[in-house]
Each structure stands twice: as structure tokens, then as C-alpha cells.
Amino acid sequence: MTKLIKNGTVVSATGQHAADVLVDGETIAAVLLPGTDAAIAAEAGAEQIIDATGKYVVPGGIDAHTHMELPFGGTNASDTFETGSRAAAWGGTTTIIDFAVQRYGENVRDSLDEWFAKAEGECAVDYAFHMILGGVDDAALKEMDTLVAEGITSFKLFMAYPGVFYSDDGQILRAMQKASNNGALISMHAENGIAIDVLAEQHAARGETDPIYHGLSRPSLLEGEATHRAIQLALVAGAPVYFVHLSASEALEAVAAARNDGHNVFAETCPQYLYLNLEDHLGAPGFEGAKYVCSSPLRTKHHTHQKDLWQGLRTNDLSIVATDHCPFCMKDQKELGLEDFRAIPNGIGGVEHRMDLIYQGVVMGELTLERWVETCSTTPARMFGLYPQKGVIAPGSDADIVLYDPAAKTNISVDTHHMNMDYSAYEGFEVDGKVDTVMSKGKIIISADGYHGAKGDGNYLKRGLSTYLH
Ligand code: URP
Ligand code: ZN
Ligand code: ZN
């Protein structure tokens with residue numbers, strides 16, 4: 001079936017122009033200048049015309065950091081692949097890259113197979129996997145080669161969570177050496193977990209058990225220190241490194257310095273670090289702050305963290321905005337830590353709101369429209385080996401397309417969101433702009449009438465190597 005999206009403004013990472021987009025089946029057939037013979041012929045032949053007057057026509061969002069059904073903190077992340085990927089679609093995200101998890105002592109292959117089984121036939125949008133290595137040993141190192149050949153080309157390591165996911169510096173170095181040989185990208189959770197556990201225990205021993213102590217036991221200096229250390233290990237190994245959920249100015253400084261020296265060092269940040277803070281959110285009265293417990297934690301408002309992060313997005317020291325979607329309900333999940341912040345499952349859900357929240361950066365004058373598209377779609381595709389199948393509106397690419405209405409508004413609330421969460425971290429946010437129509441591989445899955453997709457619409461994506469490595 002052919003569809004023509006006409007009268008819209010097509011926005012890419014490099015520019016914006018009036019164009020008609022012809023979709024044939026699952027892919028984009030042509031991007032046409034309006035009024036040309038080719039555009040007139042395409043309109044005459046199209047089986048469906050979609051009017052995008054007043055709308056931006058952008059490549060579907062790619063959320064490179066989600067945790068559907070993650071077993072963590074004594075419970076499971078509350079979105080399944082079905083509910084979480086559908087919520088992603090509502091928010092204009094047409095690809096998710098989720099983290100399959102190998103825990104210490106487990107076999108990498110078995111763990112990955114578990115993730116394939118969880119996602120198979122469930123997703124509303126296309127999906128791919130990174131692999132978390134919770135135990136870097138000889139067997140895991142060997143599996144890294146096999147996985148790269150099979151399209152899992154990035155591996156997350158943790159400098160935090162001793163006894164759960166933690167890798168020591170030797171393990172990190174060995175995995176990085178492997179990545180420097182096989183072309184993989186190492187993603188790093190950079191927080192000094194050994195020091196954090198000491199601080200957390202000291203707070204708890206003093207009876208300081210409220211959610212805010214989660215943040216106070218994870219100082220930004222310890223994110224900066226771990227980021228700097230991981231960069232040195234990557235340089236020794238000759239490997240690229242990508243920092244996930246970067247939240248602190250100190251960490252950004254380390255990334256920027258390495259990039260200025262020409263190294264393959266990259267980072268993402270997340271909407272929560274751009275909009276929420278330690279005092280107002282993590283420090284909210286009573287147990288409310290539990291809603292905002294995530295790691296890296298929200299940072300103090302009495303510092304320039306948020307301003308620096310927006311600037312990092314402009315300068316490309318931060319290349320990507322992902323959500324680190326790791327939702328837990330308050331009831332029975334966050335409540336596990338009512339008596340002790342250390343037992344609150346770490347994570348915030350937001351897969352549905354990333355495109356809107358970062359578009360808000362355009363409205364506020366922090367980012368250009370092109371940079372919105374670049375950080376939310378094009379760069380994730382390039383960084384994680386999905387380009388040009390994803391991340392661009394161009395002939396031959398998948399027809400993952402969002403019509404975005406800058407004149408409409410989005411009210412974010414637990415009452416209207418589609419994530420399986422009993423609260424919204426962004427409750428009451430009224431933002432300019434709204435996802436109007438979402439097409440996934442040529443099928444309209446979201447329109448003004450609602451959701452038209454089905455579970456199983458989304459396919460597994462085998463990824464190539466990052467195109468950013470040199
Ligand atoms: O708090 C977070 N970020 N939970 C998810 C796990 C991780 O470290 O990304
Ligand atoms: Zn992490
Ligand atoms: Zn995460």
C-alpha cells in the first residue's frame with residue numbers, strides 16, 4: 001500500500017524543508033519537493049493521502065535505554081514489553097533498545113535467550129538489545145564475540161551496585177580490550193559504587209532513611225570520578241566508551257575533555273536530569289521522593305548541572321537523549337523502601353514522554369529542531385548500528401515517521417499516560433507540542449483516533465557496529 005504524507009515540514013538532523021514523503025509498504029520510497037511532477041504523480045498514485053499541514057514530519061524516535069520487565073531491587077519493572085513498547089509508540093518512539101541482563105554466575109547466552117522470549121511477539125514497535133554483563137569472566141568475554149556477530153553490538157558494565165551488577169576495574173579493562181578487538185561499544189554506568197555503599201550505610205546507621213538520602217549518598221563527585229576512571233581504562237584498552245544516564249557536571253566535564261582530545265567517548269543524558277532535581281523531587285515530603293529514586297540520582301538545583309546538560313546537548317558532548325525507562329509503581333514496589341531508602345527499587349519511567357520533553361527544549365530555546373531530531377532519533381540510530389534503516393527520512397529507510405504538532409499541547413499525568421505506572425514523574429507538566437500521528441514500518445499505529453497497532457507489530461532488530469567509531 002502506498003501512502004503520501006503531504007504539506008508537512010520534514011525535519012532531519014541537518015535541516016528542515018517542505019516535502020512530501022511517499023511510503024510504499026514498510027519503507028520510504030521518495031522524499032519529494034511539493035509541486036514537482038514527481039510529487040503530483042505520487043499523489044495521483046497514492047492509495048492514502050495523509051495531510052501534515054502545520055506539522056513537523058520527523059523520523060520515529062529511538063529510545064536507546066529501556067528496561068522492560070527488569071528484575072531489580074526485589075521486584076520487576078512494571079512495564080512489560082507489550083505495555084512499555086505501546087507507551088513508547090504513543091510518545092512517538094518507534095524503536096527501543098532494551099537491556100538484556102546477565103547476572104553474576106549466569107550464562108550470557110541463557111540470559112539473552114530469556115530476553116528474546118520476553119519480547120518475542122509482544123512489542124508494538126521494533127526492538128533491539130544491548131547486553132548487560134554482570135560478571136565479566138572468560139566465558140562472558142568469549143560470548144561477546146558471538147553476540148557482536150549476531151547483532152548485539154553493545155555491552156553495559158556497572159561501576160555501581162557491588163554484589164549485583166558491579167565490575168571491578170580489571171573486569172572493565174578486559175571487556176574493553178575485547179571491545180577494541182571486535183568493534184563493540186561498551187556502555188558504562190559510571191558511579192563509584194564501593195564508596196556509595198559506605199555513604200549509604202552511614203546515612204542508614206544515623207537513621208537517615210528517607211528517599212532523599214538515596215541522592216545524598218551518591219554525590220556527583222563520585223559520578224565524575226568513575227567517569228574519569230572509565231575513560232582512562234578505555235584509553236588504555238583502545239576502546240570506545242559510552243556513558244549512560246549522565247547526570248552531573250563533573251561527569252560531563254570528563255567526557256568533554258576526552259572528546260576535545262579526540263577520543264571515542266560518548267554520553268547520553270535523560271529527561272529526568274534536565275527537568276527534575278534533588279530538593280523538589282527526591283526531597284518531596286513524606287515518601288513522595290521515592291517516585292524519583294533512580295541512579296545516577298537527580299542532582300541539586302543549587303548547582304549548574306541542568307544548565308550544563310542542556311549545553312552539553314548543544315555542543316554534542318552529550319550525543320543522545322534516552323529515558324532509562326525503568327518503571328516501578330509506588331504501591332508494593334517503591335514501597336519496599338518505606339523504612340530504608342536502600343530498598344527502594346531504582347528507576348523512573350518515561351519512555352512515553354521523551355519526544356515531548358526534549359521538544360520542550362526547542363520551545364525553551366535550548367535546542368534547535370534539528371538537534372531534537374538528532375539527539376532523539378538520528379544519533380541513536382548511528383551510535384547503535386541501526387542507521388540508515390532507522391533514524392532518517394530517506395528513500396529505502398523504514399517508514400517510521402512521526403507527525404508532530406507544534407501548535408497542540410500535551411498534559412502529562414498518570415490519568416492519561418499509557419505506561420503501567422501508578423504515578424507520573426512529570427505529573428502536571430503541560431508542554432507545548434504533541435505527537436499527532438505515528439507510523440511504524442508504514443503502518444499508522446497512532447492517530448487522532450487512538451492506537452491502531454497490535455502486539456507483535458514490532459520486530460527484533462539485529463544491529464550493526466556503531467558508525468561513530470574511528
Ligand atoms: O535507576 C536506574 N537507572 N535503574 C535502571 C538500572 C540502570 O542502572 O540503568
Ligand atoms: Zn545504569
Ligand atoms: Zn538503565
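Whatever order the structure lists them in is the order used to number ligands and atoms, beginning at 1.
Evaluation of the salt bridge (Lys or Arg N to Asp or Glu O under 4.0 Å) test over residues 319-341, restricted to residues two or more places apart or in two chains, returns Asp340-Arg342.
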Task: Derivation and outcome, salt bridge (charged side-chain N to carboxylate O under 4.0 Å, His left out), residues Arg314 and Glu366 - done: CA-CA 8 Å; Arg314 285 192 293 278; Glu366 298 281 1; 2.7 Å; yes
Task: Pair Asp398-Lys441, salt bridge (charged side-chain N to carboxylate O under 4.0 Å, His left out): steps then yes or no - done: CA-CA 5 Å; Asp398 283 357; Lys441 286 174 295 169; over 6 Å; no
Open item on the list: Would Arg174 and Asp138 count as a salt bridge (charged side-chain N to carboxylate O under 4.0 Å, His left out) here? Give the steps.
Closed with: CA-CA 9 Å; Arg174 295 213 310 150; Asp138 288 341; 3.0 Å; yes
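For Tyr292 and His214, the distance between ring centers is not under 6.0 angstrom. Between Phe99 and Phe165, the ring center distance fails the sub-6.0 Å criterion. Here His189 and Tyr161 bring their ring centres to under 6.0 angstrom of each other. Taking the six-membered ring wherever Trp is involved, the centroid distance between the rings of Tyr460 and Phe129 falls below 6.0 Å.
Partners of Glu268 under the salt bridge (charged side-chain N to carboxylate O under 4.0 Å, His left out) rule, at least two apart in sequence or in another chain, do not exist in this structure.
Less than 2.8 Å away from the Zn ion (ligand 3), the protein contributes these N/O/S atoms: His65 NE2, His67 NE2, Asp324 OD1.
At a heavy-atom cutoff of 4.0 Å, ligand 1 is surrounded by His65, His67, Phe72, Lys156, Phe158, Tyr161, His189, His245, Cys294, Ser295, Asp324, Cys326, Asn346, Gly347.
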